[in-house]
Amino acid sequence: MQNIKENERLSMLNHSCAHLLAQAVKHLYPEAKFWVGPVIEEGFYYDIDLNGAVVKEEDLPSIEKEMKKIAKDGKKIIRHEISKKEALEQFKDDPYKLDLIQRMNEEETVISCYTQGDFTDLCRGPHVESVKELKHFKLLKVSGAYWKGDSNNKMLQRIYGVCFDTEEDLNAHLAALEDARQRDHRKIGKEQELYMTSDLVGAGMPLWLPNGAFIRKQLENYIYDKERKLGYEHVYTPCVGTVDLYKTSGHWDHYQENMFPKMTVDDEEFVLRPMNCPHHMLIYKNKLHSYRDLPIRIGEFATDFRYEASGAVKGLERVRCMCQNDAHLFVTPEQIKDEFKKVVRLILEVYQDFGIQNYKFRLSLRDPEDKEKYFDDDEMWNAAESKLREVLDELGVEYFEALGEAAFYGPKLDVEVKPAVGPDVTLSTCQLDFLLPRRFDLCYIDKDGEKKTPVVLHRAIFGTFDRFTAFFIEECKGAFPLWLSPIQVNIIPVNPEVHADYAKEVCEFLRSNDIRASLDDRNEKLGYRMRESQIKKIPYTLILGDREEQDHMVSYREYHQEGTSTLSQEAFVNLLKEEVKNKRKNK
Ligand code: TSB
Ligand code: ZN
């Protein structure tokens, strides 16, 4: 999708279109007063005070019609410059514009206004030359928005729109928006009963429903197997820790704003944990280690709680209660590069299994100016940061660098992906840490018999199961690959009264072969039941009638494919088993 804000011409066009919208609204609602109308990634909006009137989606076409009329009239858009004093006088009846003018510096001696026909707005510009250029636009939606984003203020009406130079560009953009809406994991999550939320549980606290929980369990099993093969050992630890634990780790000083507040039980102070590293440090410390034992890889599917602003919470993607696919790898300094490479290779392998192609590696570095967030040891930071660069260069992986994105304990490699809606997010991460092992006084006995401090790699391949599931729902548009689908086959007897027994027999046969099958023997039309099977995006639909029953065969239709094929029951099972075995690929 085009990012309007990043394109100079589109940005100007959309800004002018926001003025056109305001002018049309003023014609239709003479009482209207206007706050601000900025350009955003998806187009533009204008916040409007309609003095009690309410604009609904169904009113948008009439506003568009008025916009078209004004545009056709073709008035020039003219810039004037006035002094602050003149501006205060000119907009004296408009409290919103007065608020804007009053906030401008005295030094801003000239204030610009733009006029088109009977409409003038305070604005920095720039604008297109004439409203005639505004031909290919669409109003998209309307919502409420508090003045200045403050819920104590009046609620204004925010009308969104977008404008392009050509009808084709506009249509392509609208199609992309519709595609994003259809892919949005919050929509699919509801439709396919994957998860729910409840105000009684709280914002950002998703409840995984059976279908979603099934998918998550498959993800857990998948990554557990891979990690076991790579020498990881998994543990269970509590999702709380004492304040002292997080003071020792440094989270209390460096990460507190992301944590839930502490609670007191008897005479102990606890916090819901935001990260699992401290627990895993203690597990490492439970035993004496020799250099020969390293790397030690402690993994956990661990529940964490983080404070995320209520406005930032989003479906399963950004939650306040999450489950990390976490591990802490304890290595000698000589093992850092090799272990780091193994993690990057695992990331690449997993993404390939899931058919994920659109992602970027980001090398997240400290901001050397930010002494508050990052501990002050330039030598340690420089050494850590250059180690990561070396690994990436040796692997030939492309990446970009981002200052100020490192964790407080060290630099990291993050994988960035684009959700259907909203800004990019991090999925996988691998972080290098020289700090926490010191703070927990960890050691191993080296070759020379001396005590040494290990280095820790923090890594999460799926990131959290929550965020990965959100992303993957959008990636596959809710059509999960066979191995992840809660229901793999939906069986439809052509005439339930005649073919139900055979359908039941097939269903039992599939289930006895570990295939997750459902039976739709409702007395509904065949076409209706087949359509529903497609809407639910079930990978295979079986259609069983006279011929299938006589020949002891099954006819199946794959999701999103035209036509059916026929096989023996055994051959069908083998087909599915093969597809599950080769998994992991999305169709
Ligand atoms: C990898 N201590 C490390 C760990 O050992 C850690 O916690 N790293 S993290 O802060 O980057 O979090 C790990 C992953 O959790 C992130 O890469 C991201 O994918 C995911 N994540 C972070 N915040 C949220 C959230 N609010 N909702 C869902 N997932 C999140
Ligand atoms: Zn960690």
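First listed ligand is number 1; within each ligand, the first listed atom is number 1. Just the heavy atoms: all of them, side chains too, but no hydrogens, waters or symmetry mates, feed the values below.
- If you look at Y307 and F260, their ring centroids are not closer than 6.0 Å.
- Ranked by closest heavy atom to atom 5 (O) of ligand 1, the top entry among V319, V313, D326, T469 is D326.
- With a 4.0 Å cut-off on non-hydrogen atoms, Y307 does not touch ligand 1 at all.
- Only backbone heavy atoms of E317 (N, CA, C or O) come within less than 4.0 Å of ligand 1; its side chain stays farther off.
- When non-hydrogen atoms are compared, ligand 1 lies under 4.0 Å from the side chain of Q324 (C-beta onward) but not from its backbone.
- Under the 6.0 Å distance and 45° angle rule, K447 counts as a cation-pi partner of Y291.
- In this pair, F472 and F468 present their aromatic rings parallel. The plane angle is below 30°, not in the 30 to 60° band.
- For a threshold of 3.5 Å applied to N or O pairs, the pair formed by Y409 and ligand 1 contains at least one separation below that value.
- Its N, O or S atom nearest to the Zn ion (ligand 2) is what matters here, and for H458 that atom is ND1.
- Taking only nitrogen or oxygen atoms, main chain and side chain alike, E308 reaches within less than 3.5 Å of ligand 1.
- Protein heavy atom closest to atom 17 (O) of ligand 1, with residue, atom name and distance, is L427 O, 3.0 Å.
- The aromatic ring centres of W252 and F408 sit 6.0 Å or more apart.
- Nearest N, O or S atom of H328 to the Zn ion (ligand 2): atom NE2.
- Near R318, meaning under 4.0 Å from one of its heavy atoms, ligand 1 places the atoms 26 (N), 27 (N).
- Taking the six-membered ring where tryptophan is involved, the planes of Y359 and Y351 are perpendicular, since the angle between them exceeds 60° and thus also 30°.
- Remark: K141 qualifies as a cation-pi partner of Y160 under the 6.0 Å distance and 45° angle criteria applied to the six-membered ring.
- The protein heavy-atom contact nearest to atom 14 (C) of ligand 1 is G463 CA, 3.9 Å.
- Counting backbone and side-chain atoms alike, H280 contributes no N/O/S atom closer than 2.8 Å to the Zn ion (ligand 2).
- Scanning the protein heavy atoms around atom 20 (C) of ligand 1, the nearest turns out to be T464 CG2, 3.6 Å.
- Taking the six-membered ring for Trp and the full ring otherwise, H280 and F330 have centroids separated by 6.0 Å or more.
- Considering backbone and side-chain N/O of D466, none are found under 3.5 Å from N/O of ligand 1.
- Comparing R467, Q431, R320 by heavy-atom distance to atom 24 (C) of ligand 1, the nearest is R467.
- Ring centers of F44 and H15: at least 6.0 Å apart, outside the cut-off.
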